Amino acid sequence: MLDLGGVTIHQSCLDRAAQEDLVAQLRDVAREAPLFRPETARGRKMSVRMTSAGAVGWTSDRKGYRYEPRHPSGGAWPAIPLALLDLWRAVAECGTPLDTCLVNFYGEGARMGLHQDRDEASTEYPVVSLSLGDQALFRVGGLERGGPTRSVWLASGDVAVLGGPGRMVYHGIDRIRFGSSDLLPGGGRINVTMRVATAVSGSSAR
Ligand code: SIN
Ligand code: FE2
């Protein structure tokens, strides 16, 4: 276990067989709710392609970042893969079940700028992040933009937990090492973040 500015990283949390199972389940998710490239409020396309599973999913367009009960195409989001519910129970240290998981796909050259995860109704619940496929350079800062940052390479099967004092830290992905893993036949990286998006503070079943 590694601590990076309040973010806990569990290395090799999932073995290869579990990673392969999950990739198959995430393919089913993407078949039902196709990956799309969200647009930022300023009208720029993000470099990652994404989708979600759960009661709500994350979308973004010129109206801003938010959770919606439907995929942009109008359909409901697929169910969250059972293995992710288990993973949440094992590492989140949170009695409230997740209600969404965001699936980000990083192709060659994709990245994600430093940001805080602040679209959830409450920041009381952790965000649990799973890496699959190519290695990614994960940058973690503090609670203010522009402060010092530290970086670590995340590998396939690693899990990062942003909770407690680390819940609101700035974080992002500088780049991936395209082709560094053979988990995804075409290369690339999948990141899954498990979250409690709609529950409000104080409703924790803990
Ligand atoms: C995110 O912050 O939403 C994604 C982080 C990652 O890809 O590891
Ligand atoms: Fe994030």
Side-chain angles (χ1 to χ4, degrees), residues 2 4-14 19 22-23 26 29-30 35-41 45-54 56-60 64-67 84 87-88 91-92 98 100-123 125-145 149-178 180-181 183-184 187-197:
L2 207 135
L4 206 69
V7 176
T8 307
I9 296 166
H10 303 264
Q11 285 162 316
S12 307
C13 207
L14 290 189
Q19 295 172 35
L22 211 39
V23 168
L26 293 170
V29 166
L35 294 165
F36 58 94
R37 279 180 74 191
E39 208 178 344
T40 66
K45 286 272 187 200
M46 293 174 62
S47 59
V48 300
R49 293 190 292 145
M50 66 178 305
T51 189
S52 297
V56 294
W58 193 85
T59 60
S60 170
Y65 304 147
R66 63 196 182 277
Y67 287 95
L84 295 178
L87 184 59
W88 173 267
V91 302
L98 67 164
T100 185
C101 74
L102 280 58
V103 182
N104 293 318
F105 178 77
Y106 294 73
E108 191 165 13
R111 56 185 300 279
M112 189 174 290
L114 276 180
H115 65 277
Q116 289 173 303
D117 290 357
R118 55 186 327 153
D119 304 322
E120 297 72 31
S122 166
T123 57
Y125 311 104
V127 171
V128 174
S129 164
L130 165 68
S131 294
L132 294 167
D134 288 342
Q135 294 167 19
L137 188 57
F138 182 50
R139 183 184 291 273
V140 177
L143 299 174
E144 311 275 342
R145 191 182 275 287
T149 63
R150 287 196 288 164
S151 298
V152 65
W153 283 97
L154 295 177
S156 195
D158 289 356
V159 169
V161 181
L162 285 75
R167 173 63 178 79
M168 291 305 285
V169 297
Y170 276 87
H171 60 280
I173 296 292
D174 288 352
R175 59 195 157 92
I176 67 166
R177 275 188 184 132
F178 187 75
S180 56
S181 160
L183 185 70
L184 306 177
R189 171 176 186 260
I190 298 173
N191 168 260
V192 183
T193 49
M194 288 148 265
R195 310 173 187 221
V196 178

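Worth saying up front: this structure is predicted, and the values here are computed from it rather than measured. Just follow the structure's listing: the first ligand is 1, and inside any ligand the first atom is 1.
With respect to D134 and R177, no salt bridge is recorded, no charged nitrogen being found less than 4.0 Å from a carboxylate O. Looking at E120 and R66, no side-chain N of the basic residue comes within less than 4.0 Å of a carboxylate O on the acidic one, giving no salt bridge. Using a cut-off of 4.0 Å between Lys/Arg side-chain N and Asp/Glu carboxylate O, R195 and D117 are scored as salt-bridged.
The shortest N or O to N or O distance between S131 and ligand 1 is not under 3.5 Å. Not a single N or O atom of T193, backbone or side chain, sits closer than 3.5 Å to an N or O atom of ligand 1.
Atom 4 (C) of ligand 1 has its closest protein heavy atom at N191 OD1, 3.3 Å. At the shortest separation from atom 8 (O) of ligand 1 among protein heavy atoms lies R189 NH2, 2.8 Å.
Near N104, meaning under 4.0 Å from one of its heavy atoms, ligand 1 places the atoms 3 (O), 4 (C). Interface of Y106 with ligand 1, defined as ligand atoms under 4.0 Å from a residue heavy atom, comprises 4 (C), 5 (C), 6 (C), 7 (O). The distance from ligand 1 to the heavy atoms of H171 drops below 4.0 Å at these ligand atoms: 2 (O). Of all atoms in ligand 1, numbered sequentially from 1 with element shown, those under 4.0 Å from a heavy atom of R195 are 3 (O). Interface atoms of ligand 1 facing M112, defined by a heavy-atom separation under 4.0 Å, are 1 (C), 2 (O), 3 (O), 4 (C). Per-residue contacts place I173 under 4.0 angstrom from the following atoms of ligand 1 (heavy atoms of the residue considered): 6 (C), 7 (O), 8 (O).
Taking a cut-off of 2.8 Å, the protein N, O or S atoms nearer than that to the Fe ion (ligand 2) are H115 NE2, D117 OD1, H171 NE2.
Heavy atoms only, all atoms of each residue included: T100 and S52 are closest at OG1-CB, 4.3 Å. Taking both residues in full, the closest heavy atoms of S12 and D158 are given as N-OD1, 2.8 Å, listed atom of the first, atom of the second, then distance. Scanning both residues, R167 and P126, for their nearest heavy atoms gives CD-CA, 4.1 Å.
Checked against the 6.0 Å centroid threshold, F138 and W153 do not count as a close aromatic pair.
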Intermediate values then yes/no, side-chain contact (heavy atoms from CB on, under 4.5 Å), C13 and V91: CA-CA 10 Å; C13 207; V91 302; 4.3 Å; yes
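Seen from the ring of Y170, R145 does not count as a face-on cation partner, given the 6.0 Å and 45° thresholds.
R49 CZ: 12 or fewer foreign heavy atoms inside a 6.0 Å radius.
Residue R139 places every heavy atom at 4.0 Å or more from ligand 1.
Side-chain contact annotation: R189 with S131, donor-acceptor N/O pair under 3.5 Å present.
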